[in-house]
Amino acid sequence: MRLRVRTNLFCVLAFALHSTAVWSKEPPLYYDEVFDEKGIVRPQYKEIYSKYRKKSEKAKNQFMVTARVEQFSGDNLLDPLPRILTESELLTLKKGVEQRATALRMFLMEYYSGKDTTNLIPKDVLDRVLARSGEEGLFGKINPETISFPYGPDIIRDVNGNWKVIEDNSGYIGGVGDLPIAREAMIKGQPDLLKGVDLINDPLEFYKIQVERAKQRAHPQGGRIVMYMSAPYPDREDIRIKQIYRKLGVEIITQNTKDKLITNSQGAFIKRASGRIEPIGFIFLNQEHSYVNGSHPSLRGILAKNIAAHIIEEDLPEGEGLEIRNAALPDPITGKINGVALEAAIRKEGYGSTMDHYLKDEISGLVDAMASGKVATNYSPGVDFIGDKEFYSYVDRMVQYYLPNEVPLLTSIRTRSFSKSKSGSIELDGISLQKLFEGEHKKLVFKIPDGRGGKGVWIGPKMNQGEIRELEKIIVENYKQIQVVDFIHLPVLEDRLVDLRMITDVGPKSVNVANTPWGRGIPIQGNGKVNISDQGREVMIGVVKDPPRSKTPILSCIALRLRKK
């Protein structure tokens, strides 16, 4: 009898504590990766976090410094705390990315087949998107049946744990070479942390599948599988990529190798130093097309735009580069950049040698060979525009249209603009602009559609009055282009904001999504932009089997009562 009374009292107390935790706690502002809504460590983190929390700040900082020097060649910091996903979470992410990638590929196939796509995206919007990318000149040159592209959507989860895509990155994307190195650095630098943790994702699996897919797609069959790379490289990730693919039997070719990549009307070939010619069946392209074949009529303007972006990002002396900055501004209505005028400005400011370097080292005919399908590749020309931030707002519609029998597992965040239609024309929405300066900005994020690396992004809650007034001027001048996105607090790992990128290969017939996401984090006190180059860190992401479902206090008490009986 005494035992039963004690058990009952324990159950009452447990239920009271549980009810207090659930009903009296303030609603959370964000999703905490480590702790649940009751402040309890999530099951998948218990093994790791119990060890991690005992480490000193000095030990954590030393790990980051050592990993940066020894594994990342001085490029990036690696966060000392891994981010852990469950198997079911990974499966949801992979399936959701596959849905989105499939819809994007089907849209590209229809567009390059000349079909009407205005039911999915208005013509004036698509025209602006293509003008910003500079790829409108490639229409009619792409074989729709061979379209392929690297894809890496940036994904977060909202306060309720729902996955959201914040950007659709396509083409030349970051993180591809760092999936294995993050795991290796963690094992070497903190072996105790992962000891006893059964990680079920193999970071090398993605690359192995990539090579097998390349062999199957090689045209002609039996041709060499090569990777072509050309500068500029934003960091030393290219070295890590070379090492991975070389070990898997892929031949690496650059401007500096003795063996050269050449083309003719039949396709692409390797010209050996001995003079022997060998056919290439598949090219992994690890660079943007404009750097590879910059004199192509459809790419020369893009090359000038890319070079201008690198020049503008430098700390130039006051007054220098002004003509380049002005020439690089897109037309506020059409979004077009005058490539001829921009190249002239680049040369006038003394950077013509940079332009000539890429034109001299280009592989003439390569873009046409890949576009027509005469050589198979993982990165077709003409696909970069699907990463535009204005295009992003129409991707959900494409998923629903092309996959009508599937429930979308990843969704975009609500996006709109400061423009409105009136009497057949587009004009500034003054009411929305007024609300911005009445506090509405705290609920919003503002983006320039073709910005990269955190450039042209304003996080509303992080803005001061000076930045707000500066943004007002930009909006008035570019109201057709600025995208307004609902603010969603990024998930948090301790005191870092985090996101993940799903590295993906989209082929003509199928999609290969890496089972190891690429992770990033920034201090929560920062500017809110998850960017490695601005106080950012890489975050190792591990995957474990789904833990057993935890029981509520009431169920635990019932189970205890039954065992006692």
Side-chain angles (χ1 to χ4, degrees), residues 33-34 44-85 90 152 154-155 173-208 210 233-248 286 491-503 514-523 530-544:
E33 292 291 329
V34 179
Q44 63 267 35
Y45 278 94
K46 283 183 178 178
E47 182 73 26
I48 283 179
Y49 198 72
S50 64
K51 302 172 187 175
Y52 173 83
R53 63 192 295 270
K54 297 174 185 177
K55 291 181 177 289
S56 67
E57 288 303 311
K58 181 179 179 180
K60 295 172 186 176
N61 290 330
Q62 185 58 52
F63 164 77
M64 289 193 291
V65 170
T66 302
R68 183 175 197 166
V69 172
E70 294 185 0
Q71 277 81 37
F72 286 91
S73 306
D75 287 341
N76 306 327
L77 292 172
L78 179 66
D79 199 282
L81 178 60
R83 184 176 174 185
I84 305 299
L85 301 178
L90 178 67
D154 291 337
I155 301 172
I173 56 177
V176 175
D178 288 355
L179 305 186
I181 200 72
R183 175 80 64 87
E184 291 169 15
M186 192 63 67
I187 292 173
K188 184 175 181 180
Q190 299 189 110
D192 58 315
L193 208 58
L194 296 181
K195 188 176 181 180
V197 179
D198 186 15
L199 298 178
I200 61 174
N201 59 315
D202 175 7
L204 284 171
E205 182 180 342
F206 172 76
Y207 311 98
K208 294 174 182 176
Q210 283 290 85
Y233 306 121
D235 55 24
R236 295 173 181 80
E237 187 183 348
D238 65 295
I239 297 174
R240 301 189 280 276
I241 291 174
K242 288 179 187 176
Q243 291 172 343
I244 292 169
Y245 280 93
R246 188 177 280 126
K247 288 179 181 178
L248 295 172
N286 190 53
V492 171
L493 185 76
E494 283 204 309
D495 61 349
R496 280 88 77 193
L497 301 175
V498 291
D499 72 351
L500 55 81
R501 178 174 293 173
M502 298 298 293
I503 305 298
N515 64 359
T516 302
W518 183 58
R520 299 180 296 182
I522 59 164
V530 183
N531 190 21
I532 292 291
S533 62
D534 187 8
Q535 302 183 63
R537 306 172 181 175
E538 292 200 26
V539 179
M540 190 212 96
I541 299 184
V543 181
V544 297

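Given the structure is predicted, the values throughout are model-derived calculations rather than measurements.
Using a 4.5 Å heavy-atom threshold, the side chains of Ser73 and Ile239 count as separate. Inter-residue side-chain proximity for Asn61 and Lys58 is flagged as unmet; no heavy-atom pair is nearer than 4.5 Å. At least one side-chain heavy atom of Lys55 sits less than 4.5 Å from a side-chain heavy atom of Leu193.
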Tell me, with the steps shown, if Asp202 and Lys208 meet side-chain contact (heavy atoms from CB on, under 4.5 Å). CA-CA 10 Å; Asp202 175 7; Lys208 294 174 182 176; 3.9 Å; yes
Under the salt bridge (Lys or Arg N to Asp or Glu O under 4.0 Å) criterion, do Lys54 and Asp192 qualify, and how do the steps go? CA-CA 12 Å; Lys54 297 174 185 177; Asp192 58 315; over 6 Å; no
Phe206 and Asn515: CA distance, side-chain angles, deciding distance, side-chain contact (heavy atoms from CB on, under 4.5 Å) verdict: CA-CA 7 Å; Phe206 172 76; Asn515 64 359; 5.5 Å; no
Can you check side-chain contact (heavy atoms from CB on, under 4.5 Å) on Val34 and Leu493, steps first, answer last? CA-CA 6 Å; Val34 179; Leu493 185 76; 3.8 Å; yes
Would you sort out whether Glu33 and Leu81 count as a side-chain contact (heavy atoms from CB on, under 4.5 Å), showing the intermediate values? CA-CA 11 Å; Glu33 292 291 329; Leu81 178 60; over 6 Å; no
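Summarising the geometry of Thr516 relative to Ile541, their closest heavy-atom pair is CG2-O, 3.9 Å, with the distance given to 0.1 Å. Nearest heavy atoms, Val539 versus Gly521: CG2-N, 3.8 Å. The two atoms that bring Pro180 and Ile244 nearest to each other are CG-CD1, 3.8 Å, heavy atoms only. In terms of heavy atoms, Leu199 sits closest to Gly542 at CD2-CA, 3.9 Å. The shortest non-hydrogen separation linking Gly177 to Ile241 is CA-CG1, 3.5 Å. In terms of heavy atoms, Arg83 sits closest to Asp499 at NH1-O, 3.4 Å.
To the nearest 0.5 Å, the span separating CZ on Arg537 from CE on Met64 amounts to 4.0 Å. To the nearest 0.5 Å, atoms CE (Met540) and CD1 (Ile84) are separated by 5.0 Å. The CG atom of Leu78 sits 9.5 Å away from the CD1 atom of Ile181 when rounded to the nearest 0.5 Å. Taken from CZ in Arg183 to CG in Leu194, the straight-line distance is 7.5 Å, to the nearest 0.5 Å.
In this structure, Arg496 pairs ionically with Asp79, as a charged nitrogen and a carboxylate oxygen lie closer than 4.0 Å.
When each of Arg501, Arg240, Glu237 is tested with Val176 by the rule side-chain contact (heavy atoms from CB on, under 4.5 Å), just one qualifies, namely Glu237. Partner of Thr66 under the side-chain hydrogen bond (donor to acceptor under 3.5 Å, both in side chains) criterion, out of Arg68, Gln62, Glu70: Gln62 alone. Tested against Arg520 for a side-chain contact (heavy atoms from CB on, under 4.5 Å), the candidates Asp154, Val498, Leu497, Leu500 yield a single pass: Asp154.
The ring-ring contact (aromatic ring centres under 6.0 Å, His included) pairs that include a residue from residues 50-82 are Tyr49-Tyr52, where partners are two or more places apart or lie in different chains.
Side chain of Asp75 to backbone of Arg236: a donor-acceptor contact under 3.5 angstrom is found. Between the side chain of Asn76 and the backbone N or O of Glu538 there is no donor-acceptor pair closer than 3.5 Å. Between the side chain of Gln190 and the backbone N or O of Pro80 there is at least one donor-acceptor pair closer than 3.5 Å. Between the side chain of Lys51 and the main chain of Lys195, a donor-acceptor pair closer than 3.5 Å is present.
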